[in-house]
Amino acid sequence: MTLPDGSVRELPAGATGADLAASVGPRLAKAALAVSVDGAERDLGAPLPDGARVSVLTAASEEGRAVLRHSTAHVMAQAVTRLWPGARYAIGPAIEDGFYYDFDLPGGAHFGDDDLARIEATMREIIAEDQPFVREEHSLDEGLGLFADQPYKLEIIEGVGAAEREAAQEGAGSGGVSTYRNPNAQGAPVAAGADGGFVDLCRGPHVPSTGRLGYFKLTKLAAAYWRGDEHRPQLQRVYGTAWESQQALDEHLARVAEAERRDHRRLGAELDLFHFPPEIGSGLAVFHPKGGLVRRLMEDYSRAEHEAGGYEFVYTPHITKSTLFETSGHLGWYADGMYPPMEMEGASYYPKPMNCPMHILIYNSRQRSYRELPLRMFEFGTVYRFERSGVLNGLLRARGFTQDDSHIFCARDQLEGELASLLAFVLRLLRRFGLTDFEAELSTRPEKYIGTLEEWERATEALRLALETAGIAYTVSEGGGAFYAPKIDVHVRDAIGRKWQVSTIQVDFQMPQRFDMSYVGADNGRHRPYMVHRALFGSLERFFAILVEHYAGAFPLWLAPVQVQVLPVRDDHHGYATSVAASLAGAGLRATTVAAEEPLGARVRRAKLEKVPYVLVVGDDDVAAGTVGVNTRGSERPERGVLLAELIERLRAEVRQDEPGPGGAGKVA
RNA sequence: GCCCGAGUAGCUCAGUCGGCAGAGCGACGCACUCGUAAUGCGUAGGUCACCAGUUCGAUUCUGGUCUCGGGCUCCA
């Protein structure tokens with residue numbers, strides 16, 4: 001055997017993964033969950049072939065944890081079949097941080113919240129029984145017999161060949177199927193026609209026995225369609241999380257709690273930033289003064305950067321006759337996702353789901369010369385999309401939102417340069433908002449598309465070249481593009497490691513054709529411009545939500561709605577406090593004063609809860625000396641006797657410091 | 001749209017096995033004038049989401065609707 005570190009180890013013929021782990025050391029033997037043999041995962045108990053490259057999987061790796069989680073899913077399925085005899089079980093994979101299993105309960109029953117505790121209790125019994133996971137190989141016919149009363153399993157087995165790859169993941173490979181049996185020591189009712197225990201169709205591998213599991217928690221119930229198809233039966237899904245130790249489980253639950261604490265909907269209410277009035281309708285937000293201020297700062301920054309980048313500002317209406325979206329093709333492809341039309345004077349007017357056709361009309365308003373290119377039009381364009389009710393998610397997924405939308409019309413030889421500068425622009429903007437960990441995704445031609453293969457190829461290559469020139473790491477999403485264009489999406493990781501898709505850049509050959517766009521070239525001939533769609537924030541509302549969660553509501557100084565709050569110790573310090581606030585305002589800082597109607601401690605607490613970056617306390621000493629007491633957000637103890645002029649200089653420097661220079665901080669993933 | 005869950009004061013939540021509804025915080029008023037995360041007292045505030053039904057009586061039970069949350073499907 002060759003180990004991952006390149007060392008070679010001799011073992012007797014027929015030795016198993018467990019033997020190998022034991023030969024390396026007792027700690028590894030204890031931690032071992034499964035093995036990877038020449039890249040394929042196997043049970044610890046499986047004999048190893050001579051000369052194989054073997055690595056032992058433990059919970060230190062995501063692969064090892066996946067084994068743990070998948071095995072826990074089997075235990076859950078067994079528990080459900082104990083509690084609901086006759087339950088049918090579909091699939092139960094490991095997923096990020098956990099697992100799920102889909103069930104079809106007898107008589108169309110549904111799980112309720114109380115059921116999670118019951119299932120969990122039964123799972124703990126199964127784990128206490130320390131049942132082995134026994135792998136068995138069967139022919140396809142045997143498999144069909146074994147799961148005769150499990151229609152979902154039958155479908156998977158029958159799918160061999162037809163959907164071989166998918167089926168292989170569920171334990172049905174070409175020529176036969178594998179199962180895992182948990183012999184049931186208690187002789188309780190068993191599932192799937194087995195004579196001794198719970199049997200599930202499965203590729204494996206699994207941990208040696210259920211006793212290796214135990215640090216798990218069932219987290220939520222959901223409905224899920226069989227095979228993800230909404231026209232097929234709806235199954236009952238149970239989600240859980242599973243870890244290798246109580247500590248790892250607790251840490252995970254703490255991370256989940258932290259994410260809840262940062263939820264932009266919660267902070268949006270607590271910090272008085274925005275809300276969704278039911279009177280207006282689902283998915284339609286209003287921004288309150290403080291949220292509006294943050295949003296305006298985002299917009300101001302964006303406008304200034306676009307102005308410096310040679311963009312021109314345009315404005316377009318919110319509704320348009322249907323003919324515009326017929327020409328663009330959107331009505332043909334996305335009518336379901338658009339708000340329904342209003343009928344007026346014999347025409348149908350739709351709220352716009354996109355801004356691009358309107359920008360094209362501006363381009364087409366007169367003949368264009370090559371001398372005008374590249375033409376870059378920018379607009380904060382508010383669009384409306386009829387998102388299905390179940391997908392709405394605060395500002396992250398709303399029905400009305402505003403794109404920092406721009407369309408660049410250029411000549412062929414300008415395309416690469418535009419894309420390169422766009423990528424630089426994107427990264428600069430993201431860094432400005434504290435997002436420094438990015439990666440890109442290149443999405444290629446989907447199954448349903450318009451245009452020619454050659455055009456798609458050309459556009460995709462232009463994007464790929466731009467990414468490679470910029471040296472940005474990227475993954476490829478085959479078939480992930482829009483119907484009219486391939487795209488680059490930029491993803492960022494926030495302060496607690498969650499990934500968000502923000503910016504998008506699309507190269508489009510189709511709209512210029514559909515709208516018969518042209519320019520007169522240096523050769524006096526007519527040419528078709530290329531078009532680039534791009535949004536950097538993506539949606540202002542969504543980006544705002546990401547910022548709220550990223551900063552946990554504690555905006556950096558330059559974005560904080562209230563930057564400084566001045567607290568007079570007593571009423572007779574009020575005049576001085578007001579003059580301090582006025583000096584700060586004169587220096588371009590946002591400062592408020594809170595009169596001494598409440599005890600100082602209460603006012604400090606309130607300011608802290610509002611996450612004000614600087615709380616200033618002024619009393620007798622300060623009035624006499626022209627100083628302030630400075631309580632900085634996040635610092636242990638306040639400073640006393642700071643000269644006001646010094647503080648102002650400090651704050652101005654901090655606001656400037658938030659702006660990365662041309663070299664910029666932040667790493668490119 | 002589908003499944004599960006929730007909707008009681010501005011917020012967070014108790015509560016009523018069917019008999020005119022409660023706390024804390026917040027708001028308002030008065031007093032307190034205080035040096036860094038909750039001063040005291042008082043007052044106001046609710047068609048118990050909405051609409052039907054059952055009942056002598058419904059916030060409570062039943063049905064429907066709306067909104068919200070978690071998933072699924074979807075995301076130009």
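Residue numbering restarts at 1 for every chain, and letters A, B, ... go by the order of the sequence lines.
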Can you sort out which residues in residues 560-572 of chain A have a heavy atom within less than 4.0 Å of RNA chain B? Ascending by number, please. A/V569, A/R570, A/D571
Expected output is a numbered-order residue list: members of residues 255-265 of chain A with a heavy atom under 4.0 Å from any atom of RNA chain B. What is it? A/R265
Which part of the nucleic acid, if any, lies within reach of [X] when heavy atoms closer than 4.0 Å are counted: base, sugar-phosphate only, or nothing?
X	answer
A/A224	sugar-phosphate
A/Y239	sugar-phosphate
A/G601	sugar-phosphate
A/Y100	nothing
A/K220	sugar-phosphate
A/Q506	sugar-phosphate
A/A596	base
A/R637	nothing
A/R237	sugar-phosphate
A/F483	nothing

Looking at every non-hydrogen atom in both residues, tell me the closest pair between A/A595 and A/H574 and how far apart they are. CB-CE1, 3.7 Å
When the [atom1] atoms of [N] and [M] are considered, how many whole Å apart are they?
N	M	atom1	answer
B/C3	B/C11	P	29 Å
B/C34	B/A14	P	42 Å
B/U54	B/G18	C1'	12 Å
B/A49	B/G15	P	15 Å

Between CG of A/D621 and C1' of B/U36 the distance, given in whole Å, is 14 Å
Rounding to an integer number of Å, can you tell me how far A/F325 CZ sits from B/A76 P? 15 Å
At under 4.0 Å, does any side-chain N or O of [X] touch on OP1 or OP2 of [N]?
X	N	result
A/Y225	B/C3	no
A/S328	B/A76	no
A/N393	B/G70	yes

Got more than 12 heavy atoms from elsewhere within 6.0 Å of CZ, A/F386? no
Both A/R606 and A/K487 contact RNA chain B. Taking the nearest nucleotide for each, which residue is further toward the 5' end? A/R606
